[in-house]
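Contents: one structure, followed by commentary.
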2 protein chains.
Amino acid sequence: MTGTGSEDKTRTVQPRRGRADKATAIVQAACQVFGRDGYSRAGIDTIAAEAGVSTRTIYNHFPGGKEELFRSVMRWSSERVRDAQLAQLRRYLDPERPPHPANLERDLLALARAWVGLMTDFRDHFALVRHIYAEVGHIPAEVLDAWQETGPRAVGGEVTAAMAALDDHGLIDVHGDPAQATVHFMALISTEITQRSYWGLSPLPQEEADRLTAAGVRAFLRAYGSAA
Amino acid sequence: MTGTGSEDKTRTVQPRRGRADKATAIVQAACQVFGRDGYSRAGIDTIAAEAGVSTRTIYNHFPGGKEELFRSVMRWSSERVRDAQLAQLRRYLDPERPPHPANLERDLLALARAWVGLMTDFRDHFALVRHIYAEVGHIPAEVLDAWQETGPRAVGGEVTAAMAALDDHGLIDVHGDPAQATVHFMALISTEITQRSYWGLSPLPQEEADRLTAAGVRAFLRAYGSAA
DNA sequence: GGTAAAGTACAACGGACATTGCAAGTTATA
DNA sequence: TATAACTTGCAATGTCCGTTGTACTTTACC
């Protein structure tokens, strides 16, 4: 149902799609437009223009029309961002190689900055997510669940694992609930930046963002640092 | 205690038609519909039906049409919620009467619970706010600023004052930035509940919400409790 | 170069919806 | 009761936009 329905028959006949990979261009442009305008306001014509593609081609690739396109964008974008987030997580807080105690704050801060950086790197995605939040009531529960599962929940689970590892090594004290510590960490490092930047509309100067991130990390460490 | 806020003209029971306080009914219904469906999806006919009013009457009261109505709803709703929030703040954390140290956690927890409770009492408002967040790019900057100023910023300022007062009395240590402590407090007590309840779509059981709120307050006190 | 898939241009349909004008009905007030 | 103010139902207008059919062109690959 949710699949594009065109990946089975192309295996034998077609090595790759037509000219350039139009499908990718469409999804990418749709991510921008949906993120900027939201589902209702976004126009197929606008997406087509932004993708450098004719309107008809969109319907050829996505027979389900606007809805199917939106669902594809949700999946594509959230997987992309999830991978980027997991990459940063493993880079700065690999559960396999916990940091030296003296480097804990430094590493957490690096992770937090990278995390916040992704918010501007994937501005379109997070704009889209805000629209999803606003329209939870208009998105089928199954679609919503699938998205949460492969996106936010997967990432949250990995971060939680990292927190648990830090706890295991006595670097922090999660007070019995690493998942909760994770949510608190995310909230502390990103809430104020999100608010102050008008949800990405007018980004903060780098140094100001850094200052707020650092304050969040310090607050987290005061709340969850091991008693030592 | 979600009052309708229209009992100033309490005569006798008004007849179903004619000269009731239509304007209020319209704005109230519009708040529901805009909150549920968002600006684009919301239909004037739907609002009219929900308000028990003819479509034409809406245009009589709001000659600017949908846009003016939306702006009126923003103002009305945010002022209403602001007043409710300030009332709770003064009730549990009056800057004039700082709590006894032994009662600090109890009072903060009471405030936090009341605060979270407002999110369900004014579900429509917060749904509307999510739509505003998602559509920052489509709302005139002046309207957005006026809203922030009389709503969130005003409340934030008062909470910040309360935090500063707690700091002055040595009950907490804001580390030189009461505004930051305020944002962190709000983030800690509400982030997880918001996420887990799908942004109000499927509310959490009371005891679960209480548990998360309490965890947030405890984390806040670990981060900002005075060293004494 | 030939063929088929992929893409494009264009026109048209149909529905949803904001908005307005108007005539008639209802209410409040003097 | 008279009158002005308010409300309503309804029809109509215009616009925007998702979607589809069709004929034509481009591209990829043999």
Side-chain angles (χ1 to χ4, degrees), chain A residues 4-30 32-34 36-73 131 135 138-139, chain B residues 6 8-30 33-34 36-73 131 135 138-139:
Chain A
T4 62
S6 61
E7 60 252 11
D8 324 44
K9 59 183 178 184
T10 56
R11 203 57 57 90
T12 52
V13 185
Q14 288 275 86
R16 272 299 133 194
R17 282 269 165 60
R19 203 162 148 287
D21 197 351
K22 301 285 185 182
T24 308
I26 292 171
V27 174
Q28 203 166 343
Q32 273 189 79
V33 177
F34 279 132
R36 168 158 39 82
D37 297 344
Y39 183 82
S40 310
R41 224 193 279 262
I44 297 289
D45 292 350
T46 311
I47 296 173
E50 211 122 331
V53 157
S54 89
T55 309
R56 203 63 182 76
T57 302
I58 292 184
Y59 286 96
N60 289 341
H61 279 277
F62 304 91
K66 204 179 182 183
E67 279 198 8
E68 184 191 345
L69 180 55
F70 187 76
R71 273 182 271 120
S72 299
V73 169
H131 281 286
E135 307 224 28
H138 292 285
I139 301 175
Chain B
S6 66
D8 37 51
K9 280 245 175 180
T10 51
R11 290 254 162 139
T12 48
V13 183
Q14 316 257 8
R16 289 181 53 77
R17 290 151 66 114
R19 170 115 185 80
D21 200 354
K22 303 286 184 184
T24 308
I26 292 170
V27 174
Q28 202 168 338
V33 178
F34 279 133
R36 167 156 39 82
D37 297 342
Y39 183 82
S40 311
R41 225 193 279 264
I44 297 290
D45 292 351
T46 310
I47 296 173
E50 210 123 332
V53 156
S54 89
T55 309
R56 204 61 184 77
T57 303
I58 293 184
Y59 287 96
N60 290 341
H61 280 277
F62 304 91
K66 205 179 181 183
E67 279 199 7
E68 184 191 345
L69 180 55
F70 187 76
R71 273 182 271 119
S72 299
V73 169
H131 281 285
E135 307 222 32
H138 292 285
I139 301 175

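Order of the sequence lines sets the chain letters (A, B, ...), proteins ahead of strands, with each chain counted from 1. Computed from a predicted structure; not experimentally measured.
As rounded to whole Å, 11 Å separates atom P of D/dT20 from atom CD of A/E68. The interatomic distance linking B/D21 (CG) with D/dT7 (C1') rounds to 14 Å, in whole Å. Rounded to a whole Å, the CD1 atom of A/I26 is 12 Å from the C1' atom of C/dT8. Nucleotide C/dA16 holds its C1' atom 14 Å from the CG atom of B/D37, rounded to whole Å.
Put simply, B/H61 has no side-chain N or O that comes within less than 4.0 Å of OP1 or OP2 on D/dC6. Regarding contacts with the backbone of C/dT8, a side-chain N or O of A/T57 is found under 4.0 angstrom from either OP1 or OP2. The phosphate of D/dT8 has OP1 or OP2 within less than 4.0 Å of a side-chain N or O from B/S54.
Scanning for side-chain contact (heavy atoms from CB on, under 4.5 Å) contacts around A/D37 gives A/V33, A/R41, A/A42, B/H138, with sequence neighbours left out. Scored by the side chain to side chain donor-acceptor pair (under 3.5 Å) test, B/T55 finds B/D45 as partners (sequence neighbours excluded). Judged as a side chain to side chain donor-acceptor pair (under 3.5 Å), and not counting sequence neighbours, B/S40 has no contacts.
Here salt bridge (charged side-chain N to carboxylate O under 4.0 Å, His left out) pairs that include residues 50-65 of chain A, with residues two or more places apart or in two chains, are A/R36-A/E50. Residue pairs that meet the ring pair (Phe, Tyr, Trp, His ring centres under 6.0 Å) test with at least one member in residues 39-63 of chain B, sequence neighbours left out, are B/F34-B/Y39, B/Y39-B/F70.
With no hydrogens or angles considered, a side-chain donor-acceptor pair links B/D21 and B/T24 at under 3.5 Å.
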**Sugar-phosphate or base contact per nucleotide [nucleotides 17-24 of chain C; S, B, -; heavy atom under 4.0 Å]** = -SBBBB--

